[in-house]
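Atom set for the values below is all heavy atoms of this structure, side chains included, hydrogens, waters and symmetry mates excluded. Remember, it's 1-based here, ligands and their atoms both numbered in the order they're listed.
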Amino acid sequence: MDAQQLISMEEKYGARNYHPLDVVIEKGKGVWVWDVEGKKYMDCLAAYSAVNQGHCHPRLIEAMQKQAEKLTLTSRAFRNNLWPLFAKELCELLDYEMVLPMNSGAEAVETAIKAARKWGYKVKGVEQNQAEIIVCNGNFHGRTTTIVSFADDPSSYEHYGPYTPGFKIIEYGDAEALEKAIGKNTVAFLIEPIQGEAGVVVPPAGFLKKAAEICHQNRVLLICDEIQSGLGRTGKMLASEHEGVKPDMVTIGKALSGGMYPVSATLAGSDILGVFEPGSHGSTYGGNPMACAVAREAIKILVEENLLDNAATLGEYAFKELRAMKSPHVEQVRGKGLWIGIVLNENAGGARKFCKALQHQGILAKDTHENTIRLAPPLVINKEELDWALERLENVLG
Ligand SMILES: *Cc1c(COP(=O)(O)O)cnc(C)c1O
């Protein structure tokens with residue numbers, strides 16, 4: 001079947017909750033993907049940073065195949081031999097006492113919200129059903145009904161009410177607003193250290209550190225959603241490390257499985273995650289042996305292939321080159337590590353047009369919020385491949 005037939009079929013039978021570029025991919029390897037006609041592209045989105053380890057990493061394929069032949073799912077009605085190992089390794093890697101495993105990112109965020117509320121009632125002594133969580137404008141934390149209840153992008157929340165109460169939105173990057181918003185019922189501040197879906201928005205330097213201090217002084221939990229920013233994307237294991245901040249609770253997902261399988265997790269101290277008792281939360285697939293086998297290997301790859309250093313070094317180089325590029329369309333180049341938002345000016349005619357032009361040049365990138373081109377290639381990219389991409393970006397933006 002050719003690309004056009006597949007696209008028509010998708011449009012007819014698939015719910016239209018996405019607006020993809022018209023490229024039908026059937027194969028991937030490292031930073032490269034191939035469409036059904038055999039045309040090769042560099043993937044500069046990496047499935048929203050889920051494929052930091054590159055497409056079809058041979059070590060992940062092997063881990064997955066081996067585990068598939070042995071045991072895939074027990075449910076947590078029984079114990080399995082891999083969850084304890086994965087839990088210990090993940091806690092040691094990120095320096096937390098406890099971890100709760102889920103599948104999608106949204107579920108990890110839901111877990112953090114439940115944990116914070118439960119902690120509020122059981123530990124902080126907040127009056128029942130009065131807990132409040134502060135979030136930021138421009139946030140993206142997933143698609144569940146509770147999470148979209150505190151989104152401020154109408155396309156995320158419109159027509160999904162009634163909304164879950166208990167959330168307050170402040171300006172992203174405004175520490176004073178945070179201080180003012182905190183009341184006696186505030187249990188947590190939930191934030192992305194860098195906002196991904198909003199278009200790689202970096203808050204003012206020092207903001208996260210200040211926010212952590214304010215949270216600490218007021219006995220409010222700082223929850224960092226590192227589902228997109230974590231696991232190497234910004235050149236550190238967690239983006240909050242750039243400000244020397246250790247969140248009370250952190251959510252990770254996406255690259256936790258290197259694109260093989262949905263695996264997410266919520267980590268915190270035992271004073272926080274310890275509030276869950278048997279039966280109070282769970283997931284059929286959470287912590288399954290297949291997920292554990294794949295995620296353990298995905299983390300080993302990040303460490304052993306030095307992907308964090310690669311993101312830091314090549315990221316710095318990419319920013320230098322992009323900022324030096326002469327373009328009548330570019331207003332700002334922002335981000336950290338290999339996470340780049342190219343903000344176009346009002347007269348450029350929108351980012352989607354440029355993403356289509358990049359597609360013709362063999363680069364797949366994603367427009368966000370009308371005017372931003374987001375670049376986030378797999379972290380296995382090398383200098384030669386990056387130069388190849390920069391040359392094409394110059395063709396399109398110059
Ligand atoms: C992608 C993302 C999520 C949601 O993850 P899903 O796996 O799509 O549910 C949550 N938070 C952030 C910051 C994300 O980028």
Check: Can you say whether the rings of F207 and F189 are parallel (under 30°), tilted (30 to 60°) or perpendicular (over 60°)?
Finding: perpendicular
Next item on the list: First locate atom OG of S104, then atom CD of E107, and finally report the distance between them rounded to the nearest 0.5 Å.
Entry: 3.5 Å
Check: Would you call Q195 a ligand 1 contact, heavy-atom distance under 4.0 Å?
Finding: no
Check: Should side-chain heavy atoms under 4.5 Å link Ile, Leu, Val, Met, Phe, Trp and Tyr, which residues sit in the same cluster as V200?
Finding: I194, V202, W339
Next item on the list: Tell me, please, which residues at least two apart from H55 pass ring pair (Phe, Tyr, Trp, His ring centres under 6.0 Å).
Entry: none
Next item on the list: Please verify whether a non-hydrogen atom of F140 lies at under 4.0 Å from ligand 1.
Entry: yes
Next item on the list: Determine, stepwise, if the pair E197 / T368 fulfils side chain to side chain donor-acceptor pair (under 3.5 Å).
Entry: CA-CA 7 Å; E197 294 314 293; T368 104; over 6 Å; no
Notebook entry, point to check: Within the structure, does I227 bring an N/O atom to less than 3.5 angstrom of an N/O atom in ligand 1?
Noted result: no
Notebook entry, point to check: Just to confirm, does any protein heavy atom lie below 4.0 Å from atom 11 (N) of ligand 1?
Noted result: yes
Margin query: Would you say E11 and S8 are linked by a side-chain donor-acceptor pair, where the criterion is simply a distance under 3.5 Å?
Written below: no
Checklist line | Protein contact to atom 7 (O) of ligand 1 [nearest heavy atom, distance to 0.1 Å] | finding: G105 N, 2.8 Å
Check: Is it true that H141 lies under 4.0 Å from ligand 1, counting heavy atoms only?
Finding: yes
Checklist line | Distance from atom 9 (O) of ligand 1 to nearest protein heavy atom, with residue and atom | finding: A106 N, 2.8 Å
Next item on the list: Identify, by atom number and element, the atoms of ligand 1 in contact range of D225, meaning under 4.0 Å from any of its heavy atoms.
Entry: 10 (C), 11 (N), 12 (C), 13 (C)
Next item on the list: Using distance alone, with no hydrogens and no angle criterion, decide if N137 and E171 have a side-chain donor and acceptor under 3.5 Å apart.
Entry: yes
Check: ligand 1 and E192, any nitrogen or oxygen pair closer than 3.5 angstrom?
Finding: no
Notebook entry, point to check: Which protein non-hydrogen atom lies closest to atom 2 (C) of ligand 1, naming both residue and atom, and how far is it?
Noted result: K254 NZ, 2.5 Å
Checklist line | Element-labelled atoms of ligand 1 that are located less than 4.0 Å from some non-hydrogen atom of S104 | finding: 7 (O), 9 (O)
Next item on the list: Consider only side-chain N and O atoms of T251 and E226, and report whether a donor and an acceptor are under 3.5 Å apart.
Entry: no
